[in-house]
Amino acid sequence: MFRLFSSNMAFFTHQIQRSFSSSVVRNVVIKNVTIIGGGQMGAGIAQVAASTGHSVTLVDMTDDILKKAMKGIQGSLRRVVKKKFSDDPESGDDFIQKVMQNVSTTTNPAAAVTTSDLVVEAIVENMKIKQDLFGFLDKMAPEHTIFASNTSSLPISDMASATSRPDRCGGLHFFNPVPMMKLVEVVATSSTSPETSESLLNFTKALGKTPVCCKDTPGFIVNRLLVPYMMEALRLHERGHGSKEDIDIAMKLGAGYPMGPFELSDYVGLDTIKFITDGWREKEPDNPLFAPSDLLNKLVAEGKLGKKSLEGFYKYNK
């Protein structure tokens, strides 16, 4: 009898907590944002959030990384100001100063999330590391805090499973370069509450971005279509059915794409494409869209990763 009573009480307590959590999320307006990861993506998200009046805390492992990130944000803002305030440089300087005042940095993630409405992780694409991060921060963040990942390929639900707040977890997949790209994929898992999705959509719109809603499927929308397209172009070339140059020209002039699939692959990074397809193949080993490419594997093994290494499918100058 006691066990049954305890079990029922635990169930009702859990339901009450979930109801309370949802009501808290429904009423929250995202003002304080913590971004974990001061790389190109994290710094870009920090810039757009700070530019739209949000209070941003940028977190990384060392002060040197954070100093580099802040310098990058300031440089990016100067480029924005050149266009936006070309006739009024003084107002441009004021704009930069106000934005930079909205960003603080720390190497202490636990302290950073204590007043956060939203935590966005933009760290290495490694599930174990992301889960460990979310599990740790889950104990430190307020109950209303939403956790979001900027991952481009890993399942959000797996990260959410490391927390006690799967209903307050989702995806915010920004595109590079963040200040320029208008699109954000807002990803909902099967556990994400409607209130959380609404908060993430409203936050995205407040940044001046255009959100699209998608489910927690491999690659979401853009990469789920884009990566197989690049891989199929590669296989077409491997079969000898077209040179990489002709395939690129065909897709640019025939389909109106700004870059051909091989140019785009070099821009994205061949190691990134391999990482994504390898991960998808583990989940769906029989899916022909995720089949490996010998040429891709060879180039990555040789360190020819695309533009960032100055050689991939094409060669580049510094």
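Nothing here was measured: the structure is a model prediction, and the numbers come from that model.
Cluster membership for Met41 and Ile156, using ILVMFWY side-chain heavy atoms within less than 4.5 angstrom, is not shared. Under the 4.5 Å side-chain heavy-atom criterion for ILVMFWY residues, a single connected hydrophobic cluster contains both Met251 and Leu236. Ile273 and Ile247 fall within a single hydrophobic cluster, where Ile, Leu, Val, Met, Phe, Trp and Tyr side chains are chained together by heavy-atom contacts under 4.5 Å. Residues Ile36 and Val56 fall into different hydrophobic clusters, defined by Ile, Leu, Val, Met, Phe, Trp and Tyr side chains chained together at heavy-atom separations under 4.5 Å. Both Phe136 and Ile129 are part of a single hydrophobic cluster, where members link through side-chain heavy atoms under 4.5 Å apart.
Between Thr145 and Val119 the shortest side-chain heavy-atom distance falls below 4.5 Å. For the pair Thr204 and Val186, the minimum side-chain heavy-atom distance is below 4.5 Å. By the 4.5 Å heavy-atom criterion applied to side chains, Val187 and Leu172 are not counted as neighbours. Taking the side chain as every heavy atom from C-beta outward, Val59 and Ile35 never approach each other to under 4.5 Å. Under the 4.5 Å side-chain criterion, counting only non-hydrogen atoms from C-beta, Ser104 is not in contact with Leu58. At a threshold of 4.5 Å between non-hydrogen side-chain atoms, the residues Leu183 and Val222 count as touching. At least one side-chain heavy atom of Phe95 sits under 4.5 Å from a side-chain heavy atom of Ser51. With a 4.5 Å cut-off on side-chain heavy atoms, Leu234 and Leu296 count as touching.
A salt bridge does not link Glu195 to Arg168: none of the charged nitrogens lies less than 4.0 Å from a carboxylate oxygen. In this structure, Glu232 pairs ionically with Arg235, as a charged nitrogen and a carboxylate oxygen lie closer than 4.0 Å.
For Lys244 and Tyr314, the positive end sits near the middle of the six-membered ring, less than 6.0 Å away and at most 45° from its axis. Geometric assessment of Arg165 against the ring of Phe147 yields a positive cation-pi assignment under the 6.0 Å and 45° thresholds.
For Ala43 against Gly38, the heavy-atom pair with the smallest separation is CB-O, 4.2 Å. Scanning both residues, Pro228 and Asn223, for their nearest heavy atoms gives CD-O, 3.5 Å. Between His144 and Asp117, the closest heavy-atom pair is NE2-OD1, 2.8 Å. Scanning all heavy atoms of the two residues, the minimum distance from Phe262 to Ala233 falls at CZ-O, 3.5 Å. The two residues Pro258 and Lys252 have their closest heavy-atom pair at O-CD, 3.7 Å. Arg224 and Pro218 get closest at one heavy-atom pair: CD-O, 2.9 Å.
Counted within 6.0 Å of CD on Glu245, heavy atoms from surrounding residues, nucleotides or ligands total more than 12; the atom is thus considered enclosed. With a 6.0 Å radius and a threshold of 12 heavy atoms from other residues, nucleotides or ligands, Glu90 has its CD atom at or below the threshold. Counting non-hydrogen atoms of neighbouring residues, nucleotides and ligands closer than 6.0 angstrom, the CE atom of Met127 exceeds 12 such neighbours. The 12-atom threshold is not exceeded at NZ of Lys307, counting heavy atoms of other residues, nucleotides or ligands nearer than 6.0 Å. The local environment of CE in Met61 is sparse, with at most 12 non-hydrogen atoms from other residues, nucleotides or ligands closer than 6.0 Å.
With no hydrogens or angles considered, no side-chain donor-acceptor pair links Asn32 and His54 at under 3.5 Å. Side chains of Thr189 and Thr192: a donor on one and an acceptor on the other come within 3.5 Å. Using modelled atom types, one finds a donor on one side chain and an acceptor on the other under 3.5 Å when comparing Asp216 with Ser157. Using modelled atom types and a 3.5 Å distance limit, the side chains of Tyr257 and Asp248 yield no donor-acceptor pair.
In this structure, Phe275 CZ and Ser153 OG are separated by 5.0 Å, a value rounded to the nearest 0.5 Å. From Leu118, atom CG reaches atom OG1 of Thr196 across 10.5 Å, with rounding to the nearest 0.5 Å. One finds the CD1 atom of Ile30 at 5.5 Å from the OG atom of Ser199 (value rounded to the nearest 0.5 Å). In this structure, Leu226 CG and Ser152 OG are separated by 11.0 Å, a value rounded to the nearest 0.5 Å. Note: Lys304 NZ to Ser309 OG = 9.5 Å, rounded to the nearest 0.5 Å. For the atom pair CE of Met181 and OG1 of Thr210, the computed distance is 11.5 Å after rounding to the nearest 0.5 Å.
Between the side chain of Lys298 and the main chain of Ser293, no donor-acceptor pair closer than 3.5 Å is present. Without hydrogens or angle criteria, Glu185 side chain to Ile221 main chain gives a donor-acceptor distance under 3.5 Å. Checked by atom type and distance alone, the side chain of Glu263 pairs as donor or acceptor with a backbone atom of Gly260 at under 3.5 Å. Of the possible donor and acceptor atoms, none in the side chain of Asp138 sits under 3.5 Å from a partner among the backbone N and O of Phe134. The main-chain N or O of Gly208 is found under 3.5 Å from a side-chain atom of Lys182 such that the two form a donor-acceptor pair. In this structure a side-chain-to-backbone donor-acceptor pair under 3.5 Å is missing from Asp167 to Ser193. In this structure a side-chain-to-backbone donor-acceptor pair under 3.5 Å is missing from Thr57 to Ala112. Of the possible polar contacts, none joining the Asp60 side chain to the Thr62 backbone as a donor-acceptor pair under 3.5 Å is found. Remark: the backbone N or O of Ile123 is paired with a side-chain donor or acceptor of Glu121 at under 3.5 angstrom.
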task = Please lay out, stage by stage, how Val184 and His173 fare under the test side chain to side chain contact (heavy atoms under 4.5 Å, CB included).
result = CA-CA 5 Å; Val184 178; His173 181 213; 5.7 Å; no
request  = Test Met259 against Asp266 for side chain to side chain contact (heavy atoms under 4.5 Å, CB included), laying out the working first.
outcome  = CA-CA 10 Å; Met259 285 189 280; Asp266 277 356; over 6 Å; no
request  = Just do the side chain to side chain contact (heavy atoms under 4.5 Å, CB included) check on Cys213 and Leu201 with the steps written out, would you?
outcome  = CA-CA 8 Å; Cys213 299; Leu201 283 167; 3.6 Å; yes
ask   = Could you go step by step and tell me if Leu289 and Tyr229 meet the side chain to side chain contact (heavy atoms under 4.5 Å, CB included) rule?
value = CA-CA 9 Å; Leu289 291 175; Tyr229 154 72; over 6 Å; no
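Ring centroids of Tyr267 and Phe313 are separated by 6.0 Å or more, keeping the two rings apart.
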Please table the atom pairs, donor to acceptor, closer than 3.5 Å between any side-chain atom in residues 70-87 and protein atoms at least two apart or in another chain.
| residue | atom | partner | partner atom | Å |
| --- | --- | --- | --- | --- |
| Ser76 | OG | Gln47 | OE1 | 2.8 |
| Ser76 | OG | Gln47 | NE2 | 3.1 |

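Sorted by first and then second residue, the pairs that involve residues 267-288 and meet salt bridge (charged side-chain N to carboxylate O under 4.0 Å, His left out), not counting sequence neighbours, are Asp158-Lys283, Asp271-Lys308, Lys274-Asp278, Asp278-Arg281.
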